[in-house]
Amino acid sequence: MDNKAENPAILQKQAKPPGKITRMFLTLYDVCQFVTRFFKEGFLPPYEGKELMRQCYDIGYRSLALISLTGFITGIVFTKQSRPSLAEFGATSWLPSLVGIALLRTLAPLLTSLIAAGKVGSSIGAELGSMRVTEQIDAMEVSATNPFKFLVTTRVLASTITIPILTFYTAMVGMLGALLNVSLFEDTSARAFFQASLEQITFLDITASTVKAIIFGFTIGIVGCYQGYNSSKGTEGVGKAANSAVVIGMFLIFIEEVVSVQFFGLFRT
Amino acid sequence: MDQEKVIEIKGLYKSFGTYDVLKGVDLDLHKRENLVVLGKSGTGKSVLIKIIVGLLTPDQGAVKVLGQMVDKISYKELLALRLKVGFSFQNSALYDSMTVRQNLEFPLVRNQRNLTKGEVNQAVERVLDAVGLLQTINQMPSELSGGQRKRVGIARTLILQPEVMLYDEPTAGLDPITCLEINNLINEVQERFHTSSIVITHDLTCAKAVGNRVAMLLDGKFERQGTFDEVFNTDDERVKPFYEYNFIQ
């Protein structure tokens with residue numbers, strides 16, 4: 001069989017390798033395909049309910065300690081730093097509502113997501129990357145199991161479900177930190193503090209916070225999975241996948257935060 | 001062994017970047033035959049069997065497995081075809097977050113959802129017993145030796161009762177005694193489960209022990225095919241060092 005001149009493999013290798021911009025667009029196209037595949041396969045049977053629950057437990061429960069500590073300290077520090085400025089205008093009574101709004105609108109979603117991007121994103125990237133280079137994903141493929149459904153959709157769904165729950169938990173723990181700080185300076189009851197904090201919070205604040213947390217959770221899951229699922233080059237690739245999952249995840253979260261602040265700002269005026 | 005073909009490959013080409021791996025491969029696998037594919041490292045032996053199960057796509061050529069063109073069928077049809085083709089990986093590729101039992105249950109419960117817990121347990125124990133590792137059922141893959149991992153990997157493919165088995169370097173990295181055990185296991189699998197197999201290796205002891213037929217991959221093509229003696233009874237300078245290294249050294 002001497003049809004080398006017509007062999008597409010040979011024709012392909014004669015073509016120039018793609019440039020930087022072309023590669024960027026090819027990656028973007030690849031990411032779009034990955035996201036589309038998630039939406040196509042994520043909601044169709046068979047469902048991996050047990051694996052989804054396991055992932056929710058891994059992402060949610062195992063992040064609780066770190067998130068509790070960070071949320072609590074943030075509540076204390078934010079209250080302590082805000083007090084002098086408010087005191088200058090004789091407005092320390094606004095402190096609980098300021099803390100409540102700041103925590104719910106921005107601090108809780110952002111803090112939770114950044115911590116999750118570091119902890120959960122890197123873990124997903126490394127785990128899937130390691131499965132890819134040790135051929136475990138190929139082993140699932142050849143045993144007639146759809147690895148995308150089992151590994152990717154469950155992780156992305158789990159982070160999308162869990163991050164909003166963790167966000168409200170962070171806000172609550174942050175408020176407890178703030179209450180502790182307030183209690184050191186003023187004779188305020190917990191009931192009065194929470195009443196003052198919550199009365200300024202609107203339905204829009206809760207909706208915006210939830211929507212943001214869902215988007216952040218989805219981003220963390222999809223970035224971690226994409227990097228891990230497509231990793232290559234052995235152990236070096238696993239490290240790179242974990243690292244990229246964190247860096248790209250955090251970068252996108254900041255971009256999404258800016259966009260969502262602008263978007264929900266339109267409804268506040 | 002009969003003359004019915006379970007795998008037919010014609011004019012297969014595969015390149016990676018500027019590196020041509022397969023340059024017009026033709027190969028048939030007959031029913032209940034153990035075909036050994038020999039060749040140096042990097043000659044495309046593993047690429048060939050990955051194309052057979054649709055893990056890689058060929059640049060050109062036709063691959064027919066159990067009457068279906070692998071690169072022409074839908075993903076759903078490919079998954080159904082893969083139920084009939086077992087693939088034993090070079091490094092076993094056991095799921096390291098699962099026990100041996102869970103590794104074996106995994107393909108079964110996902111492909112036969114109507115099975116009861118008792119039937120699943122029975123199937124797991126049956127194949128583990130077939131590879132002689134029933135005692136490891138609750139162990140993690142990290143607690144197993146290299147040979148045990150290979151056996152569990154083979155058991156995981158057998159649980160779906162495949163018609164065709166593809167072994168990728170089944171004896172690589174194992175001591176000579178374990179190699180003999182794996183060779184015997186490959187023959188036992190063929191007899192007990194009536195499978196047809198392609199065994200990828202560069203271990204001639206394995207090739208001699210398990211192969212009904214041997215095909216030698218040289219420069220991206222199968223230059224020599226036949227019985228073990230037919231393939232190695234040659235003055236071809238590309239083949240002789242292979243034999244001398246394995247049997248004379």
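To find a chain, count down the sequence lines: A is the first, B the second, and so on, and within it residues start at 1. No hydrogens, no waters, no symmetry mates; every other heavy atom, side chains included, goes into these values. This is a predicted model, so every value here is computed, not measured.
- Open room surrounds CD1 on A:Ile21; 12 or fewer heavy atoms of other groups in view lie less than 6.0 Å from it.
- More than 12 heavy atoms of other shown residues, nucleotides or ligands fall within 6.0 angstrom of atom CZ in A:Phe43.
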Next item on the list: Just do the side chain to side chain donor-acceptor pair (under 3.5 Å) check on B:Asp96 and A:Gln136 with the steps written out, would you?
Entry: CA-CA 9 Å; B:Asp96 48 21; A:Gln136 290 177 51; 3.2 Å; yes

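- Distance OG/B:Ser97 to CD/A:Glu127: 6.0 Å, rounded to 0.5 Å.
- In this structure, A:Val142 and B:Leu55 have side chains that are in contact, with non-hydrogen atoms separated by less than 4.5 Å.
- Counting heavy-atom pairs under 4.5 Å between each of B:Leu83, B:Leu166, B:Asn111 and chain A puts B:Asn111 at the top.
- Neither the backbone nor the side chain of B:Phe16 comes within contact range of chain A, judged by heavy atoms closer than 4.5 Å.
- Remark: B:Arg82 CZ to A:Thr145 OG1 distance equals 10.0 Å, nearest 0.5 Å.
- In this structure, no portion of B:Ile159 lies under 4.5 Å from any heavy atom of chain A.
- Counting non-hydrogen atoms of other residues, nucleotides and ligands closer than 6.0 Å to CD of A:Glu236 gives a total of 12 or fewer.
- With a 4.5 Å cut-off on non-hydrogen atoms, B:Leu160 touches chain A through its side chain but not through its backbone.
- Interface check for chain A: of the options B:Leu94, B:Asn91, B:Val85, the most heavy-atom pairs under 4.5 Å are formed by B:Leu94.
- The number of heavy-atom neighbours closer than 6.0 Å to CE of A:Met53, taken from other residues, nucleotides and ligands shown, is 12 or below.
- Taking 4.5 Å as the limit, every side-chain heavy atom of B:Thr157 sits out of range of all side-chain heavy atoms of A:Ser143.
- Note that the CD atom of A:Glu141 and the OH atom of B:Tyr75 stand 4.0 Å from one another [nearest 0.5 Å].
- Atom CD of B:Glu119 is surrounded by more than 12 heavy atoms from other residues, nucleotides or ligands within 6.0 Å.
- In this structure, the side chains of B:Phe89 and A:Thr134 stay at 4.5 Å or more apart for every pair of heavy atoms.
- Side chain of B:Arg110 to backbone of A:Ala144: no donor-acceptor contact under 3.5 angstrom is found.
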